[in-house]
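Structure first, then comments.
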Amino acid sequence: MNKILFWLLIPVLCFAPPEWKEERFLELQKDEFYTLVFKANEAEKRLFFRWTLHKNRGLVVHLNYDYFPHQFILYQDYQRNCYTIPLFKEEPTKYGDVPYFMLCFKDYHRGKKIATLKFYVYEGNRDFNIIDERKVPNGGFGAY
């Protein structure tokens, strides 16, 4: 009986969803920035994002991580609703999951022109903290 239970639990344990260090819903207006600052040891990395256009059910998003710009379109359907970016490189002494940031598009309120997004932060094999997290009002790229 124990062997049967063991074999039944293996798929559940292997395919369990990750435990998120942080997950949060947020509502952003057009060109409103959301910023996060990560700190691991002495390294500080800044991530900020905003959306600029909602057209044909797609949300154009600009994301900047560690001074490297990304631009992508998120849709609400299953395979195109999230964008993932690795946060820190693997430490040479540790092997395993790499930490990452994932941004997902949940909803768009046409009347208010507000997008509902959800972000996830996965810690992986790296120990780091979020030392700053806030919404920055519309201000264009001059805000950073």
Side-chain angles (χ1 to χ4, degrees), residues 5-144:
L5 184 61
F6 173 76
W7 287 107
L8 290 174
L9 286 177
I10 284 180
V12 173
L13 296 174
C14 291
F15 299 110
E19 291 195 26
W20 304 109
K21 181 177 186 75
E22 195 71 45
E23 64 179 295
R24 185 153 302 129
F25 277 101
L26 56 119
E27 291 185 342
L28 285 180
Q29 296 176 353
K30 181 181 176 187
D31 290 322
E32 187 173 37
F33 283 84
Y34 197 84
T35 182
L36 296 145
V37 179
F38 303 101
K39 183 170 185 171
N41 299 332
E42 298 301 317
E44 279 189 18
K45 306 261 185 181
R46 179 178 302 275
L47 181 140
F48 59 90
F49 58 89
R50 67 186 174 111
W51 69 272
T52 58
L53 180 66
H54 184 262
K55 186 76 169 175
N56 296 332
R57 292 184 279 176
L59 192 73
V60 178
V61 179
H62 298 267
L63 183 143
N64 190 308
Y65 176 65
D66 199 24
Y67 305 105
F68 188 83
H70 301 260
Q71 180 179 342
F72 48 91
I73 301 173
L74 295 176
Y75 296 90
Q76 288 181 290
D77 58 12
Y78 172 65
Q79 293 190 348
R80 301 181 298 170
N81 67 337
C82 293
Y83 185 79
T84 304
I85 184 168
L87 289 176
F88 292 97
K89 293 181 182 178
E90 258 186 70
E91 292 180 338
T93 57
K94 295 183 180 178
Y95 296 102
D97 295 332
V98 176
Y100 61 87
F101 174 85
M102 183 166 63
L103 182 65
C104 298
F105 178 35
K106 296 298 183 182
D107 196 13
Y108 180 74
H109 306 285
R110 187 169 304 278
K112 299 179 193 176
K113 295 186 180 179
I114 292 178
T116 303
L117 304 165
K118 186 171 186 180
F119 73 83
Y120 303 87
V121 177
Y122 178 65
E123 191 170 32
N125 66 353
R126 195 71 192 258
D127 185 30
F128 63 91
N129 293 315
I130 300 171
I131 60 172
D132 187 19
E133 173 184 355
R134 59 193 155 101
K135 195 185 290 189
V136 180
N138 301 355
F141 285 106
Y144 286 92

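As the structure is a computational prediction, the values presented were derived from the model and not from experiment.
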> After noting the C-alpha distance and the side-chain angles of Leu117 and Val61, does the key distance pass the side-chain contact (heavy atoms from CB on, under 4.5 Å) rule?
Replying inline: CA-CA 11 Å; Leu117 304 165; Val61 179; 5.5 Å; no

What pair of heavy atoms forms the shortest contact from [X] to [Y], and how long is it?
| X | Y | answer |
| --- | --- | --- |
| Tyr75 | Arg57 | CD2-O, 3.4 Å |
| Cys104 | Tyr120 | SG-CE1, 3.8 Å |
| Ala115 | Leu59 | CB-CD2, 3.9 Å |
| Arg50 | Phe33 | CD-CZ, 3.4 Å |

> Who are the side-chain contact (heavy atoms from CB on, under 4.5 Å) partners of Thr116, not counting sequence neighbours?
Replying inline: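 So Thr116 forms a side-chain contact (heavy atoms from CB on, under 4.5 Å) with Phe25, Glu27, Lys106, Asp107, His109.
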
> Can you list the residues that meet the side-chain contact (heavy atoms from CB on, under 4.5 Å) rule with Ile130, with sequence neighbours excluded?
Replying inline: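 Glu22, Leu36, Phe38, Val121, Glu133.
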
> With a cut-off of 6.0 Å (strictly less than), are more than 12 heavy atoms of other residues, nucleotides or ligands near CZ of Arg24?
Replying inline: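 Counting other residues, nucleotides and ligands, CZ of Arg24 exceeds 12 neighbours.
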
>> side-chain contact (heavy atoms from CB on, under 4.5 Å), that's the test. Do Val60 and Lys55 meet it? Break it down for me.
In response: CA-CA 8 Å; Val60 178; Lys55 186 76 169 175; over 6 Å; no

> Of all residues at least two apart in sequence or in a different chain, which pass the side-chain hydrogen bond (donor to acceptor under 3.5 Å, both in side chains) check with Lys118?
Replying inline: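 Lys118 satisfies side-chain hydrogen bond (donor to acceptor under 3.5 Å, both in side chains) with Glu23 only.
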
>> Under the rule for salt bridge (Lys or Arg N to Asp or Glu O under 4.0 Å), what residues qualify as partners of Lys45, not counting sequence neighbours?
In response: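 Residues passing salt bridge (Lys or Arg N to Asp or Glu O under 4.0 Å) with Lys45: Asp66.
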
Working to the nearest 0.5 angstrom, can you tell me the gap between [X] [atom1] and [Y] [atom2]?
| X | Y | atom1 | atom2 | value |
| --- | --- | --- | --- | --- |
| Leu47 | Tyr67 | CG | OH | 12.0 Å |
| Lys135 | Glu32 | NZ | CD | 4.5 Å |
| Lys39 | Glu44 | NZ | CD | 5.0 Å |
| Lys21 | Phe128 | NZ | CZ | 5.5 Å |
| Glu123 | Asn129 | CD | CG | 8.0 Å |
| Asp97 | Tyr122 | CG | OH | 3.5 Å |

> Is the Phe49 ring parallel, tilted or perpendicular to the Phe119 ring (thresholds 30°, 60°)?
Replying inline: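 Ring orientation of Phe49 relative to Phe119: perpendicular.
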
> Hey, mind stepping through Trp20 and Met102 against side-chain contact (heavy atoms from CB on, under 4.5 Å) and telling me if it holds?
Replying inline: CA-CA 10 Å; Trp20 304 109; Met102 183 166 63; 3.7 Å; yes

> Does the side chain of Val37 come within less than 4.5 Å of Arg134's, by heavy atoms?
Replying inline: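 Side-chain contact under 4.5 Å: no.
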
>> If you define the side chain from C-beta out and look only at heavy atoms, does anything of Trp51 sit under 4.5 Å from Gln29?
In response: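 No; the side chains remain at least 4.5 Å from each other.
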
>> Run Arg110 and His54 through side-chain contact (heavy atoms from CB on, under 4.5 Å) and show every step you take.
In response: CA-CA 9 Å; Arg110 187 169 304 278; His54 184 262; 3.9 Å; yes

Quiz: residues 79-88 side-chain donor-acceptor pairs under 3.5 angstrom, not counting sequence neighbours:
unit_1	atom_1	unit_2	atom_2	d
Arg80	NE	Asp77	OD1	3.3
Arg80	NE	Asp77	OD2	3.1
Arg80	NH2	Asp77	OD2	2.8
Tyr83	OH	His70	ND1	3.1

